[in-house]
Student: 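Below: one structure in structure tokens.
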Amino acid sequence: MNRTLYGNLIFELSKKGRKGYSLPQDYDRTHTTAELPEALRRSEAARLPECDELTVVRHYTNLSHNNFGVNDGFYPLGSCTMKYNPVINEEIAAMKAFAGLHPLQPAETCQGALEVYYNLQQSLAELAGLSEFTLNPCAGAHGELTGLMVIRAYHEAKAHPSRTKVLIPDSAHGTNPASAAVCGLEVVEVKSLPDGTVDVAHLRQLLDEMGDQVAAMMMTNPNTLGIFEPRVLGITKMVHEAGGLMYYDGANLNALLGECRPGDMGFDVMHINLHKTFSTPHGGGGPGSGPVGVRKGLEQFLPYPRVKMEAPPTATEGGTAPLFTVDFGKVSPSGDDGRAGTSLGSVGSFFGNYGVMLKAYAYILSLGREHVKQVGPLATLNANYIKERLRDDYLLPIQGLCKHEVVFDGLVDKSTGVTTMDVAKRLLDYGYHAPTIYFPLLFHESLMIEPTENESKETIDAFINVMHTIAAEAKSDPELVKTAPHNTPIGRVDDVLAAKHPITTYWKSLEN
């Protein structure tokens with residue numbers, strides 16, 4: 001790292017005795033200091049950096065310039081839908097009236113917040129074509145697990161203990177089989193056809209072989225190749241006739257928003273990534289939210305707590321009872337509350353990531369019924385524009401219309417030895433975050449691009465021109481691309497070494 005240009009570590013800026021704060025001499029810390037048991041106390045003071053405030057501010061400001069986000073430039077990360085998060089969303093989520101709430105407050109003191117929660121549930125149900133949603137799950141994979149737990153609870157209530165197998169296409173997200181395994185279910189892979197869609201003949205064979213062992217089938221539509229499954233109604237019918245339920249992975253819902261609904265395709269359970277489809281940023285591992293919706297007849301299997309609207313409000317001695325109430329369920333394994341064996345109880349602390357929900361609700365209200373219908377079509381238009389403009393330089397394994405994302409199999413010209421990894425690294429030199437690479441696993445050199453509906457034609461054209469430039473560089477000067485990036489704080493790191501021998505502290509780095 002060029003420390004002169006990009007700054008030192010905060011520990012290297014430390015000077016003994018310097019402080020970044022000032023407290024009155026008579027400040028009494030006793031009201032904030034708790035006595036810790038001897039066993040929990042440090043034997044020596046923590047080795048922390050000592051810096052003045054200006055040094056700290058400059059240090060972290062410089063560090064922030066080394067990050068890349070949607071606010072900095074084009075972020076075409078496929079499958080993960082890195083969508084722009086409007087500033088108004090952040091302003092609303094930061095409002096003191098929301099941010100200062102506590103989940104154990106009496107319902108009558110936070111009616112507005114509960115109304116937002118309830119209205120978001122209703123909005124998602126309408127957009128998805130389902131009956132009811134829970135907002136409790138805190139991430140997409142957490143939503144997947146919750147949805148599969150709903151399916152297990154359904155089969156247990158039906159006294160179908162043999163239904164423990166989940167059908168998953170080979171084009172599915174990696175979290176699908178992982179979630180099924182965590183839920184104690186057995187994964188059975190369904191093959192895809194050369195056009196990327198489900199091999200219905202193979203699916204029929206599996207259904208015939210497994211009989212009453214089928215618990216569900218998980219699908220993403222459009223799938224991870226960006227291809228819409230045209231036989232989806234027939235697939236859901238086949239699985240239902242076999243006694244299984246259909247699970248919809250909402251990771252790619254952005255392609256369908258306002259155009260069609262999973263519930264109308266025959267899906268029984270689904271999760272939605274609020275942090276993808278509804279604009280909340282999720283880079284760096286969070287924050288996330290994975291609401292789970294179900295069709296009519298499965299509502300009783302959803303977890304608690306649940307926000308409900310009392311209609312109409314009931315008069316009480318002290319005035320009017322709260323319009324919105326919270327049911328915490330109190331599900332007992334013994335069954336003495338009458339709900340055990342149906343609801344999952346709780347899948348997390350309280351109500352989930354409420355700040356993320358506020359941003360999603362603000363996004364929905366900002367678009368309104370009319371403009372939300374443009375999300376899917378515009379995302380599809382942008383992806384297909386990129387596909388057609390790049391197909392001469394980048395190998396397109398599946399022809400025809402894609403939806404919100406397009407997958408290439410590296411460069412058309414393989415003779416240069418320039419790989420998808422090299423292309424991704426070279427993009428950094430031009431100021432672009434790389435698309436998703438080496439996923440999906442169906443192609444050796446997968447390069448998945450998702451522009452979302454937000455990006456202008458000028459932005460997309462600039463990205464396309466850079467992609468063409470890199471393809472030309474791969475022919476004229478392949479080493480330039482293979483050794484990229486050249487203009488970033490660090491070059492290529494040894495990923496294997498970093499994983500096997502991580503250096504997680506400054507002091508450990510000195511020892512090495």
Side-chain angles (χ1 to χ4, degrees), residues 68 73-82 170-171 173 192-197 222-228 252 254-255 378-486 492:
F68 190 95
F74 188 41
Y75 204 130
L77 201 67
S79 181
C80 282
T81 313
M82 293 298 288
D170 56 14
S171 63
H173 284 99
S192 294
L193 296 170
D195 66 358
T197 61
N223 60 26
T224 52
L225 300 171
I227 304 299
F228 187 84
N252 296 342
N254 204 61
L378 285 175
T380 298
L381 174 65
N382 286 347
N384 280 276
Y385 180 64
I386 291 175
K387 174 175 69 70
E388 294 302 323
R389 288 285 308 277
L390 291 182
R391 66 188 304 157
D392 291 340
D393 280 334
Y394 294 86
L395 183 62
L396 189 64
I398 296 179
Q399 305 297 315
L401 185 73
C402 66
K403 292 301 177 185
H404 63 305
E405 60 194 6
V406 57
V407 179
F408 294 101
D409 191 6
L411 288 160
V412 169
D413 186 356
K414 307 291 186 185
S415 65
T416 65
V418 172
T419 66
T420 284
M421 175 67 81
D422 299 329
V423 172
K425 295 294 186 182
R426 185 59 175 151
L427 272 170
L428 300 178
D429 286 330
Y430 287 99
Y432 290 96
H433 193 284
T436 297
I437 60 175
Y438 299 111
F439 179 81
L441 303 178
L442 295 176
F443 309 118
H444 184 63
E445 291 289 324
S446 289
L447 192 155
M448 178 191 283
I449 302 171
E450 180 178 359
T452 78
E453 75 282 1
N454 297 130
E455 302 296 344
S456 67
K457 183 176 181 296
E458 292 77 14
T459 297
I460 294 175
D461 280 338
F463 170 75
I464 289 171
N465 291 337
V466 167
M467 291 291 284
H468 283 311
T469 298
I470 294 173
E473 290 174 343
K475 295 178 182 179
S476 63
D477 190 358
E479 285 305 309
L480 176 68
V481 184
K482 291 179 181 179
T483 55
H486 305 284
R492 299 200 187 190

Student: Could you tell me whether the side chain of Ser446 and the main chain of Pro440 form a donor-acceptor pair under 3.5 Å?
Tutor: yes
Student: Between Glu405 (side chain only) and Ser79 (backbone N and O only), is there a donor and an acceptor less than 3.5 Å apart?
Tutor: yes
Student: Quick one: does any side-chain atom of Thr224 pair with a main-chain N or O of Ser171 as donor and acceptor, under 3.5 Å?
Tutor: yes
Student: Could you tell me if the side chain of Glu473 sits less than 4.5 Å from the side chain of Val418, heavy atoms only?
Tutor: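 No, too far: nothing below the 4.5 Å cut-off.
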Student: Do Thr459 and Pro451 have side chains that get closer than 4.5 Å, going by heavy atoms?
Tutor: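 Side-chain contact under 4.5 Å: no.
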Student: If only atom types and distance count, is the side chain of Glu450 paired as donor or acceptor with the main-chain N or O of His404 below 3.5 Å?
Tutor: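 Flag not set: sc Glu450 to bb His404 has no pair under 3.5 Å.
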Student: How close do Pro435 and Leu77 get, counting heavy atoms only, and between which atoms?
Tutor: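 Looking at all heavy atoms of both residues, the closest pair is C-CD1, 3.9 Å.
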Student: Can you check whether Glu445's main-chain N or O pairs, donor with acceptor, with Asp409's side chain at less than 3.5 Å?
Tutor: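 Answer holds: yes.
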Student: Does this structure show an ion pair linking Lys425 with Asp422, if we count only N-O contacts that are shorter than 4.0 Å?
Tutor: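 So Lys425 does not pair with Asp422 through a salt bridge.
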Student: Restricting to non-hydrogen atoms, name the atom on Ile386 and the atom on Phe408 that form the minimum distance, rounded to 0.1 Å.
Tutor: O-CZ, 4.2 Å
Student: Looking at Gln399 and Leu396, would you say the former's side chain and the latter's main chain have a donor-acceptor pair under 3.5 Å?
Tutor: yes
Student: For a 4.5 angstrom cut-off between non-hydrogen side-chain atoms, does Leu390 reach His468?
Tutor: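 Heavy-atom side-chain distance check passes, below 4.5 Å.
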Student: CG of Asp429 to CG of Leu480: how many Å apart, nearest 0.5 Å?
Tutor: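 Asp429 atom CG to Leu480 atom CG measures 7.5 Å (nearest 0.5 Å).
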Student: How close do Thr416 and Ala474 get, heavy atom to heavy atom, and via which atoms?
Tutor: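 Minimum heavy-atom contact is CG2-O, 3.1 Å.
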Student: Look only at the side chain of Asn465 and the backbone of Asp461, and say whether a donor-acceptor pair between them is shorter than 3.5 Å.
Tutor: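 Yes; judged by distance alone, with no hydrogens or angles, the pair exists.
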Student: Using modelled atom types only, decide if a donor and an acceptor are shared between the side chain of Tyr394 and the backbone of Met467 within a distance under 3.5 Å.
Tutor: yes
Student: Shortest non-hydrogen contact from Ala383 to Val406?
Tutor: O-CG1, 4.1 Å
Student: On a heavy-atom basis, which atom in Phe74 and which in Phe463 lie closest, and how many Å separate them?
Tutor: CE2-CG, 3.4 Å
Student: Let me confirm one number: the CZ-CZ distance from Arg389 to Arg391, rounded to the nearest 0.5 Å.
Tutor: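 The distance works out to 13.5 Å.
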Student: Using 0.5 Å steps for rounding, measure from the CD1 atom of Ile464 to the NZ atom of Lys387.
Tutor: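 NZ of Lys387 is found 12.0 Å from CD1 of Ile464.
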Student: What pair of heavy atoms forms the shortest contact from Arg426 to Ile470, and how long is it?
Tutor: CG-CG1, 3.7 Å
Student: Quick check for you: to the nearest 0.5 Å, what is the distance between Met421 atom CE and Tyr438 atom OH?
Tutor: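 Nearest 0.5 Å value for the CE-OH distance: 5.5 Å.
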Student: Short question: side chain of Arg492, backbone of Ala484 - any donor-acceptor pair under 3.5 Å?
Tutor: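 Answer holds: yes.
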Student: Side chains of Leu225 and Phe443, heavy atoms from C-beta outward: is any pair under 4.5 Å?
Tutor: yes
Student: How about Asp195 and Ile227: do any of their side-chain heavy atoms sit closer than 4.5 Å?
Tutor: no
Student: Is any side-chain heavy atom of Thr452 closer than 4.5 Å to a side-chain heavy atom of Asn382?
Tutor: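 The answer is no, as the side chains (C-beta and beyond) never meet within the 4.5 Å cut-off.
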Student: Is it the case that more than 12 heavy atoms not belonging to Lys475 sit under 6.0 Å from its NZ atom?
Tutor: no
Student: Any chance you could measure Thr197, atom OG1, to Ile398, atom CD1, to the nearest 0.5 Å?
Tutor: 8.5 Å
Student: How long is the straight-line distance from CG of Asn252 back to OG1 of Thr81, given to the nearest 0.5 Å?
Tutor: 6.5 Å
Student: Determine whether Thr420 and His444 make a side-chain contact, defined as any pair of heavy atoms from C-beta on separated by less than 4.5 Å.
Tutor: no
Student: Could you check whether any side-chain N or O of Asn384 sits under 3.5 Å from a backbone N or O of Cys402, counting only pairs where one atom can act as donor and the other as acceptor?
Tutor: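 Side chain of Asn384 to backbone of Cys402, a donor-acceptor pair under 3.5 Å: yes, one is there.
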Student: Looking at Val481, Val423, Leu395, which one forms a side-chain contact (heavy atoms from CB on, under 4.5 Å) with Leu411?
Tutor: Val423
